[in-house]
Structure formats: structure tokens, C-alpha cells
Amino acid sequence: MILELDCYRSLLESTKNLVYVDYLTIAPWNRRSIENPPMSKGVGSNLLKFAIEHSFDLDYKGRIGLHSLPGAENFRRKFGMVCLGYDSNK
């Protein structure tokens, strides 16, 4: 996971900073579609939880942002993240 700090503002609250998850991936042997059952479960969720906790540590109130691939949208929704549309720059 790669996090960007102090570079992005929230699209929902334009004056507020957020932690931007620039890159998040897990090892292939932890993907249910490749290895069933996966070697380790919950790795991606724990990484995203870390990003949220880090946002609280920075006094960003848990605000995070990311651009998800189409196959990862259910993962994003599981955390209550809102889709703000397609971004051609990402």
C-alpha cells in the first residue's frame, strides 16, 4: 500500500485534507479467486483500516480517498466509501 499525505483534499468537503490510498494490493495467494481458501484472510481490509486509522492520527477525522478498479468496487462499498464517478486522470 502506498499512501499520499497532505496532497489531496476531499471532494465532499473541499477545505479538508484526506489520506489518499494511491496503491493497495495483496499477494496472489491471498486472493480467493486464485487460492481458495486464501493463505491469509483480511489482508486488504487490514491495510485499508490502517489508512483510516492513520487519517485519524493526522486529525483528518478518518477521511480517506482512493480510485478503485471495477473489480474492487464491492471491497470499497464494504467500507462505506462513496463513488464520486470516473476520474480520467487516474
Side-chain angles (χ1 to χ4, degrees):
M1 179 171 66
I2 298 173
L3 301 178
E4 298 276 342
L5 311 174
D6 298 326
C7 300
Y8 288 88
R9 300 233 184 228
S10 170
L11 292 178
L12 298 174
E13 300 176 81
S14 61
T15 62
K16 311 279 180 149
N17 286 348
L18 56 76
V19 169
Y20 181 76
V21 180
D22 192 42
Y23 186 79
L24 189 152
T25 190
I26 60 171
W29 51 84
N30 291 323
R31 295 178 190 200
R32 187 166 284 119
S33 62
I34 295 172
E35 187 74 29
N36 197 2
M39 189 178 281
S40 296
K41 192 174 175 187
V43 175
S45 294
N46 285 332
L47 288 170
L48 200 55
K49 287 175 188 175
F50 172 83
I52 294 167
E53 288 173 17
H54 196 53
S55 173
F56 278 108
D57 291 342
L58 294 169
D59 215 18
Y60 294 172
K61 311 287 190 240
R63 286 185 301 275
I64 65 168
L66 58 80
H67 289 84
S68 62
L69 297 172
E73 290 191 6
N74 286 336
F75 177 74
R76 172 189 55 78
R77 280 190 206 103
K78 182 171 87 171
F79 284 88
M81 298 180 80
V82 178
C83 179
L84 298 175
Y86 179 77
D87 184 348
S88 62
N89 294 320
K90 294 290 181 177

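Because the structure is predicted, anything quoted here is derived from the model rather than measured.
Asn17 places a side-chain heavy atom less than 4.5 Å from the side chain of Arg9. A 4.5 Å side-chain heavy-atom check between Asp22 and Leu3 finds every atom pair outside the cut-off.
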Got a list of side-chain donor-acceptor pairs under 3.5 Å for residues 66-74, not counting sequence neighbours?
{"from": "His67", "atom 1": "ND1", "to": "Tyr20", "atom 2": "OH", "distance (Å)": "2.6"}
{"from": "His67", "atom 1": "NE2", "to": "Asp87", "atom 2": "OD2", "distance (Å)": "3.0"}
{"from": "Glu73", "atom 1": "OE1", "to": "Arg77", "atom 2": "NH2", "distance (Å)": "3.3"}
{"from": "Asn74", "atom 1": "OD1", "to": "Arg77", "atom 2": "NH1", "distance (Å)": "2.7"}

Show which side-chain atoms of residues 40-53 pair as donor or acceptor with protein atoms under 3.5 Å away, not counting sequence neighbours.
{"from": "Ser45", "atom 1": "OG", "to": "Lys78", "atom 2": "NZ", "distance (Å)": "2.9"}
{"from": "Asn46", "atom 1": "ND2", "to": "Gly42", "atom 2": "O", "distance (Å)": "3.2"}

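Across all their heavy atoms, Ser10 and Arg63 have their closest contact at CB-CD, 4.2 Å. For the pair Arg76 and Cys83, the tightest heavy-atom approach, listed with the atom from each and the gap, is NH1-N, 3.4 Å.
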| side-chain contact (heavy atoms from CB on, under 4.5 Å) between Met81 and Ile64: does it pass, once the steps are laid out? | CA-CA 9 Å; Met81 298 180 80; Ile64 65 168; 3.8 Å; yes

| field | Verdict with reasoning, Lys16 to Lys61, per side-chain contact (heavy atoms from CB on, under 4.5 Å) | value | CA-CA 10 Å; Lys16 311 279 180 149; Lys61 311 287 190 240; over 6 Å; no

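With sequence neighbours left out, Tyr86 forms a side-chain contact (heavy atoms from CB on, under 4.5 Å) with Ser88. Residues satisfying the side-chain contact (heavy atoms from CB on, under 4.5 Å) criterion with Asp57, sequence neighbours excluded, are His54.
With side-chain heavy atoms closer than 4.5 Å counting as contact, directly or through intermediates, the hydrophobic cluster containing Leu11 also holds Leu12, Val82, Leu84. Cluster partners of Met39, using a side-chain heavy-atom cutoff of under 4.5 Å among ILVMFWY residues and allowing indirect links, are Trp29.
In terms of hydrophobic clustering, with Ile, Leu, Val, Met, Phe, Trp and Tyr side chains grouped at heavy-atom distances under 4.5 Å, Leu24 and Val19 are assigned to a common cluster. Residues Leu18 and Phe79 are members of separate hydrophobic clusters, defined by side-chain heavy-atom contacts under 4.5 angstrom among Ile, Leu, Val, Met, Phe, Trp and Tyr.
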